[in-house]
Peer 1: 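Here you go, one structure.
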Amino acid sequence: MYHYTDFDRAFLAERNRQFRAQVERRLAGHLTEDEFRPLRLMNGLYLQLHAYMLRVAVPYGSLDPAKMRQLAMIAERWDKGYGHFTTRTNIQYNWPRLSEVPDILDALAEVGMHAIQTSGNTIRNVTSDHFAGAAVDELEDPRPVAELIRQWSTDHPEFQFLPRKFKIAVIASETDRAVMKSHDIGLRLIERAGARGYQVWVGGGMGRTPMVARLLRDFLPEADLLPYLEAVLATYNRMGRRDNKYKARIKITVHEHGLDPFREEVEAEFPARRAAFSGVDQARLAEIRARFVTPRLAERDAAPFYSARDADPVFRAWADTNVSAHRHADHGIVTISLKAHGATPGDASASQMRLVADLAERYGHGDIRVSHAQNLVLPHVALADIPAVHAALCAAGLGTANIGLASDIIACPGMDYCALATARSIPVAQGIATRLEALKIEHEVGHLQIKISGCINACGHHHVGHIGILGLDRAGVENYQITLGGDPSESTAIGTRTGPGFAYDEIVPAVERLIFAYLDLRDGPEETFLETYNRIGMAPFKSALYDKEARAHAAE
Amino acid sequence: MAREFTPKVVTANALIEGDVVYLAADDRWVRQLAQAEMLTDEADADLRLLQAQARAHEIVGAYLADVRPGESGPEPAHFREEFRRTGPSNRFHGKQADGLEHA
């Protein structure tokens with residue numbers, strides 16, 4: 001993976017020195033909060049409900065053991081012994097003290113990490129496929145391109161005060177594991193007539209006006225990437241609305257002006273942007289690519305994996321959900337669930353982080369990923385080693401066999417932490433997972449993605465959940481709306497609201513009724529929840545949710 | 001007839017810890033809602049808020065929160081304030097844990 005150069009280190013040291021001085025001036029009373037707030041937000045420091053929150057960028061979700069151990073150290077030394085992995089593949093600390101944040105940032109810099117542009121109306125952390133470099137179906141590892149975009153966008157002077165925040169994702173497979181079409185710009189690496197390039201998607205997003213991205217450019221030559229991104233960003237910077245925060249994202253710009261007129265503006269901007277690039281960006285990309293060498297994977301006899309799978313039903317259940325095919329046939333991609341039933345989705349303790357670092361070092365070529373689904377991934381593990389990895393994970397409470405199942409829930413921090421939240425989301429996720437575990441049905445239910453947001457901003461991706469749950473404040477009481485039919489994959493779709501919302505103590509039983517309705521209605525165990533919904537539509541699920549008769553039946 | 005005024009407390013977050021604080025009658029910032037000054041007069045509440053906002057070197061984001069009179073001081077009128085005075089519901093952290101340490 002990418003390691004910082006002297007330039008990167010000097011840049012970060014200077015930024016941290018500046019922020020330390022800004023904190024000192026705030027504490028000494030020389031800066032007001034109005035003056036200080038944009039400065040702290042530029043460095044990822046929020047003030048939440050009970051404390052400050054520091055959001056640390058994990059670029060395209062890639063970590064190595066040294067970084068992970070440092071994250072664990074920070075959690076123990078300056079926080080409460082854990083961190084929370086987010087849907088933007090970042091990590092958040094929920095309890096730092098303002099006076100200690102400069103020390104935390106220095107500790108992050110020691111391992112080439114920072115919290116820059118994890119807030120504010122800037123280009124945020126670039127996300128990618130958490131299986132990058134290991135996926136069977138990818139054209140090439142998309143992370144070097146993501147790293148190029150990270151370097152280009154970090155402190156880019158023109159894009160520090162955009163109308164609103166801006167999110168970019170890069171993938172290199174037809175299968176979309178990064179919710180690419182829910183981004184302001186989604187890039188997919190493709191090959192046309194022997195030439196590499198990009199499909200450019202624009203204007204996707206969630207929030208209060210969810211939209212699926214539209215195709216802006218069907219094939220962008222590889223060398224045109226950064227000038228084209230600049231043309232899109234500059235067009236948005238100029239045309240995007242600044243009068244209304246809720247209409248300021250690029251999706252609204254594209255929607256209000258129309259895709260074709262927007263594209264014309266971009267194309268008009270592009271030549272001057274293109275002329276300003278000398279080719280240094282492509283030289284830089286080549287240097288970055290040289291650092292992302294997929295580890296040389298030795299030929300290993302996979303027999304121990306298959307014999308463990310035959311002998312141990314617990315291992316078998318876990319391997320069937322948490323191990324994905326690797327492009328190297330005697331290796332596997334191991335997804336570590338941070339969704340133990342009843343635990344907080346995405347939370348990892350310092351000791352769990354250290355264990356993952358150790359396992360990555362011992363069995364995984366030092367490679368760790370954070371997925372947008374708030375899990376961790378060891379992308380390159382020999383199948384023969386996976387039984388040992390599983391045993392170590394189980395001993396640390398990380399052996400939950402539920403990836404892609406109903407308890408593998410995305411949930412935002414909600415009103416347990418977030419100052420913007422209108423309702424809690426974590427306890428709803430805990431309640432659903434605990435209930436599923438008690439019923440022992442989720443392996444029978446199969447692939448089902450439940451996503452929960454604690455406010456309309458949709459950090460919990462509820463719009464693209466097969467079952468989406470949105471927590472609202474209805475006349476001073478928590479109320480939960482359900483959407484069905486959302487799809488985060490390459491066939492991206494926004495879910496449809498079922499009807500009236502449910503009270504806090506009604507939402508878990510409501511989800512349970514949906515799941516039992518699906519089991520009744522599906523056309524055999526091969527048909528997933530989403531497929532059933534797409535085949536038969538809303539009505540039967542609505543009936544399961546709202547009809548008194550159906551509810552009485554379910555209660556029997 | 002004028003609408004009845006819902007009682008208020010001045011609340012904010014402490015500058016260094018970010019912890020929830022309330023303004024007491026003697027102008028101290030206190031960490032427990034029960035010790036906060038309950039303001040029953042609108043003009044008085046506005047004045048206390050202005051005084052609080054002037055203390056920007058101690059706190060961040062002062063505002064007036066609705067409360068109800070309770071047996072041992074003000075009680076939250078809204079669930080958001082209930083969480084603010086307690087801490088997160090998924091972990092025993094924040095004020096609920098601080099309270100134990102002090103007990």
Side-chain angles (χ1 to χ4, degrees), chain A residues 23 25-37 40 45-54 79-82 84 94-101 342-345 347 349 411 413-431 473 475-478 504, chain B residues 6-22 29-33 49-68 74-101:
Chain A
V23 170
R25 291 205 291 282
R26 176 71 181 103
L27 293 175
H30 302 318
L31 287 177
T32 66
E33 183 61 18
D34 283 348
E35 290 164 331
F36 179 65
R37 189 168 175 273
R40 68 168 159 80
L45 186 63
Y46 289 71
L47 181 60
Q48 296 288 30
L49 220 50
H50 315 292
Y52 288 94
M53 180 273 280
L54 183 67
D79 209 89
K80 293 189 188 291
Y82 71 99
H84 175 75
N94 287 324
W95 304 95
R97 292 161 60 96
L98 175 60
S99 49
E100 293 173 344
V101 171
T344 301
D347 275 13
S349 70
M415 201 179 270
D416 287 303
Y417 298 91
C418 179
L420 298 175
T422 45
R424 286 173 292 172
S425 41
I426 292 169
V428 175
Q430 292 173 307
D473 174 351
V477 180
E478 288 168 297
Y504 179 73
Chain B
T6 307
K8 305 274 191 286
V9 295
V10 175
T11 182
N13 291 78
L15 174 63
I16 293 177
E17 301 88 356
D19 191 16
V20 173
V21 293
Y22 306 94
W29 289 109
V30 294
R31 307 269 163 160
Q32 300 301 326
L33 175 59
L49 178 61
L50 284 172
Q51 289 169 344
Q53 284 168 337
R55 295 163 68 177
H57 54 295
E58 299 169 357
I59 52 96
V60 181
Y63 65 94
L64 293 169
D66 288 352
V67 290
R68 286 191 294 262
E75 293 282 331
H78 188 274
F79 65 89
R80 186 176 193 271
E81 293 302 324
E82 181 62 49
F83 292 125
R84 285 183 81 241
R85 76 154 174 178
T86 309
S89 56
N90 65 321
R91 287 177 182 270
F92 192 67
H93 287 156
K95 287 198 183 301
Q96 55 199 342
D98 295 344
L100 265 202
E101 281 161 27

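Residue numbers start from 1 in every chain, and the chains themselves are labelled A, B, ... in the order their sequence lines are given, proteins ahead of strands.
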Peer 1: Tell me if a side-chain donor or acceptor on N13(B) pairs with a main-chain N or O of L49(A) at a distance below 3.5 Å.
Peer 2: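 Here the side-chain-to-backbone pair exists.
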
Peer 1: Is V477(A) close to chain B through its backbone or its side chain, or both, or neither, when contacts mean heavy atoms under 4.5 Å?
Peer 2: backbone

Peer 1: So which of T344(A), L47(A), I426(A) has the largest heavy-atom pair count under 4.5 angstrom toward chain B?
Peer 2: L47(A)

Peer 1: Looking at R97(A) and E17(B), what are the two nearest heavy atoms and their distance?
Peer 2: NH1-CG, 3.5 Å

Peer 1: Just to verify, what does R68(B) make a salt bridge (Lys or Arg N to Asp or Glu O under 4.0 Å) with, not counting sequence neighbours?
Peer 2: none

Peer 1: For residues 420-429 of chain A, pull every pair meeting salt bridge (charged side-chain N to carboxylate O under 4.0 Å, His left out), keeping only residues two or more places apart or in separate chains.
Peer 2: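 Qualifying pairs, neighbours excluded: R424(A)-E478(A).
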
Peer 1: Would you find a donor on one side and an acceptor on the other, under 3.5 Å apart, between the side chain of R80(B) and the backbone of A419(A)?
Peer 2: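 Here the side-chain-to-backbone pair exists.
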
Peer 1: Answer yes or no: is there a side-chain heavy-atom contact under 4.5 Å between Y52(A) and L15(B)?
Peer 2: yes

Peer 1: Tell me, side chain or backbone of A14(B) under 4.5 Å from chain A's heavy atoms, or both, or neither?
Peer 2: backbone

Peer 1: Report which part of P96(A) has an atom under 4.5 Å of a heavy atom belonging to chain B: side chain, backbone, both, or neither.
Peer 2: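 For P96(A), the contact with chain B is made by the backbone alone.
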
Peer 1: Among H50(A), M53(A), Q48(A), E33(A), which residue has the highest count of heavy-atom pairs closer than 4.5 Å to chain B?
Peer 2: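 Counting heavy-atom pairs under 4.5 Å, the top option is H50(A).
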
Peer 1: Parallel, tilted or perpendicular: which describes the rings of Y82(A) and H93(B), with under 30° parallel and over 60° perpendicular?
Peer 2: parallel

Peer 1: With a 4.5 angstrom heavy-atom cut-off, is it the side chain or the backbone of R37(A) that approaches chain B, or both, or neither?
Peer 2: neither

Peer 1: Among side-chain atoms of D473(A) and H78(B), is any donor-acceptor pair under 3.5 angstrom?
Peer 2: yes

Peer 1: Is there side-chain contact between D416(A) and R91(B), with at least one heavy-atom pair below 4.5 Å?
Peer 2: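 Not touching, per the 4.5 Å side-chain cut-off.
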
